[in-house]
Amino acid sequence: RHGHSRPLRKQHAAESARPSGRSYHCITSDGRSKIYVHSGCPVQGRLSDLWVFDIKDKAWEELPLAPGPARGGASIAFAADKLYRINGFDGKTEQGGSLDVYDVSTASWSSISYRADGVEGPEARSVSTLLPVSVSGKTYLLTMFGERDPSSLGHAGAGKMLSDAWAFDIHGGQWQKVEAAGDAPEGRGWFDADVLEVEGENHVAVVHGGLNEGNERLGDVWKLVFA
């Protein structure tokens with residue numbers, strides 16, 4: 001693990017300091033009053049910044065930069081008062097092998113390394129997802145699908161799309177491949193996903209749309225239920 005931090009900046013929304021325009025960024029919330037925005041692609045290059053918007057105060061605050069490299073198409077999730085970041089594309093290669101953790105209480109980053117070999121942990125990818133899932137009182141981070149090898153068309157075309165799903169045990173510190181019973185969605189990237197709360201637990205993941213390996217836009221909806 002390693003960590004780093006730098007001074008924070010906080011200004012009201014009426015002032016100029018706020019995230020710059022971008023695409024291929026990622027967003028999550030703490031489920032209460034704060035929305036986090038991370039990385040993405042500005043007019044040129046890629047970003048590694050992290051911002052939080054407080055709905056109550058109507059104020060933006062710039063938080064410490066995430067570990068490099070700067071990237072687009074990353075995924076973030078908020079669980080147990082921490083922010084988790086995984087994957088992305090740095091302009092040359094898909095990123096993997098590191099689950100980066102931002103501790104809100106200490107305003108610092110650390111990293112959990114793993115083998116992104118499809119055996120010990122998920123392969124490197126971008127434009128996938130990361131969701132906090134709770135099952136029987138335990139919290140997991142669920143990552144699914146995504147693009148493994150970019151197309152020569154760049155943002156205009158689909159590369160190699162993955163169809164797998166992995167769950168990370170936050171307390172145990174290990175990945176486990178999710179083996180779903182019955183039919184499963186085809187591989188895709190650039191999709192949307194979220195969790196549903198059922199009986200007090202977020203153990204249902206919903207996936208909508210995306211782009212498949214044939215560069216076709218999808219409009220299907222799937223539900224993954226953890227028993």
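There is no path of hydrophobic side-chain contacts, each under 4.5 Å, that joins Leu196 to Trp222. Residues Ile55 and Val37 share a hydrophobic cluster, clusters being chains of Ile/Leu/Val/Met/Phe/Trp/Tyr side chains in contact below 4.5 Å. Tracing side-chain contacts under 4.5 Å through hydrophobic residues (I, L, V, M, F, W, Y), one never reaches Val178 starting from Val204; they form parts of separate clusters.
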For residues 179-189, run the donor-acceptor check on the side chains, cut-off 3.5 Å, and write out each pair with its distance to 0.1 Å, sequence neighbours left out.
from   : atom 1 : to     : atom 2 : distance (Å)
Glu186 : OE1    : Asn212 : ND2    : 3.3
Arg188 : NE     : Glu186 : O      : 3.2
Arg188 : NH1    : Gly209 : O      : 2.9
Arg188 : NH1    : Asp220 : OD1    : 2.8
Arg188 : NH2    : Asp220 : OD2    : 2.9

Using atom types as modelled, flag every donor-acceptor pair under 3.5 Å from a side chain in residues 136-145 to any protein atom, sequence neighbours excluded.
from   : atom 1 : to     : atom 2 : distance (Å)
Lys138 : NZ     : Asp169 : OD2    : 2.9
Thr143 : OG1    : Thr129 : O      : 2.8

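In terms of heavy atoms, Pro42 sits closest to Leu47 at CD-CG, 3.7 Å. The two atoms that bring Val119 and Trp166 nearest to each other are O-CH2, 3.6 Å, heavy atoms only. Pairing each heavy atom of Glu94 with each of Ala124, the nearest pair is O-CB, 3.7 Å. Counting all heavy atoms, side chain and backbone alike, Leu131 lies closest to Ala193 at CD2-O, 3.8 Å. The two residues Ala116 and Gly97 come nearest to each other via the heavy atoms CB-N, 3.6 Å.
Side-chain contact between Asp194 and Val206 is absent, with no heavy-atom pair separated by less than 4.5 Å. Side-chain contact between Pro122 and Asn87: absent, with no pair of heavy atoms (C-beta onward) separated by less than 4.5 Å. For the pair Ser23 and Cys41, the minimum side-chain heavy-atom distance is below 4.5 Å. Between Pro64 and Ser108, every side-chain heavy-atom pair lies at or beyond the 4.5 Å cut-off. Two residues are said to be in side-chain contact when any heavy atoms from C-beta on lie closer than 4.5 Å; Leu65 and Asp49 meet this criterion. In this structure, the side chains of Val133 and Val195 come closer than 4.5 Å at one or more pairs of heavy atoms. Counting heavy atoms from C-beta on, the side chains of Glu61 and Asp54 never come closer than 4.5 Å.
In this structure, the separation between OG on Ser33 and CG on Asp57 is 8.0 Å, given to the nearest 0.5 Å. Between the CH2 atom in Trp109 and the CG atom in Leu63 there is a gap of 8.5 Å [rounded to 0.5 Å]. Atoms CG and OG, from Leu99 and Ser110 in turn, are 9.0 Å apart once rounded to the nearest 0.5 Å. Put simply, SG on Cys26 and NE2 on His38 are 5.0 Å apart, with the number rounded to the nearest 0.5 Å. Taking CG from Asp90 and OG from Ser39, the interatomic distance works out to 11.5 Å, rounded to the nearest 0.5 Å.
No donor-acceptor pair under 3.5 Å is formed between the side chain of Trp51 and the backbone N or O of Trp60. Looking at Glu213, its side chain does come within 3.5 Å of a backbone N or O of Met161 through a donor-acceptor pair. For Arg85 (side chain) and Pro67 (main-chain N/O), a donor-acceptor pair under 3.5 Å exists by modelled atom type.
For the side-chain contact (heavy atoms from CB on, under 4.5 Å) test, residues two or more places apart in sequence or in another chain that qualify with Arg115 are Asp117, Glu120. Remark: Phe168 pairs with Trp175 by the ring pair (Phe, Tyr, Trp, His ring centres under 6.0 Å) rule, at least two apart or across chains. Residues forming a side chain to side chain donor-acceptor pair (under 3.5 Å) with Asp103 (at least two apart in sequence, or on another chain): Ser105. Remark: Arg217 engages no residue in a side chain to side chain donor-acceptor pair (under 3.5 Å) (not counting sequence neighbours). Evaluation of the ring pair (Phe, Tyr, Trp, His ring centres under 6.0 Å) rule for Tyr84 yields no partner, not counting sequence neighbours. Shown here are the salt bridge (Lys or Arg N to Asp or Glu O under 4.0 Å) partners of Arg71, two or more places apart in sequence or in another chain: there are none. Residues satisfying the side-chain contact (heavy atoms from CB on, under 4.5 Å) criterion with Glu123, sequence neighbours excluded, are Arg125, Arg148, Leu162. Not counting sequence neighbours, the partners of Thr28 by the side-chain contact (heavy atoms from CB on, under 4.5 Å) test are Tyr36, Ile76, Phe78, Leu83. Under the rule for a side-chain contact (heavy atoms from CB on, under 4.5 Å), the partners of Glu197 that lie at least two apart in sequence or sit in another chain are Asn202.
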Side chain to side chain contact (heavy atoms under 4.5 Å, CB included) evaluation trace for Phe191 with Leu218: CA-CA 9 Å; Phe191 59 96; Leu218 304 171; over 6 Å; no
Residue pair Asp81, Arg32: steps toward the salt bridge (charged side-chain N to carboxylate O under 4.0 Å, His left out) verdict: CA-CA 11 Å; Asp81 293 323; Arg32 297 184 291 272; 3.5 Å; yes
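In this structure, Trp190 and Tyr24 have perpendicular ring planes: the angle between them is above 60°, well past the 30° mark.
In summary, the side chains of Asp100 and Ser111 do present a donor paired with an acceptor at a separation below 3.5 Å, with no hydrogens or angles considered.
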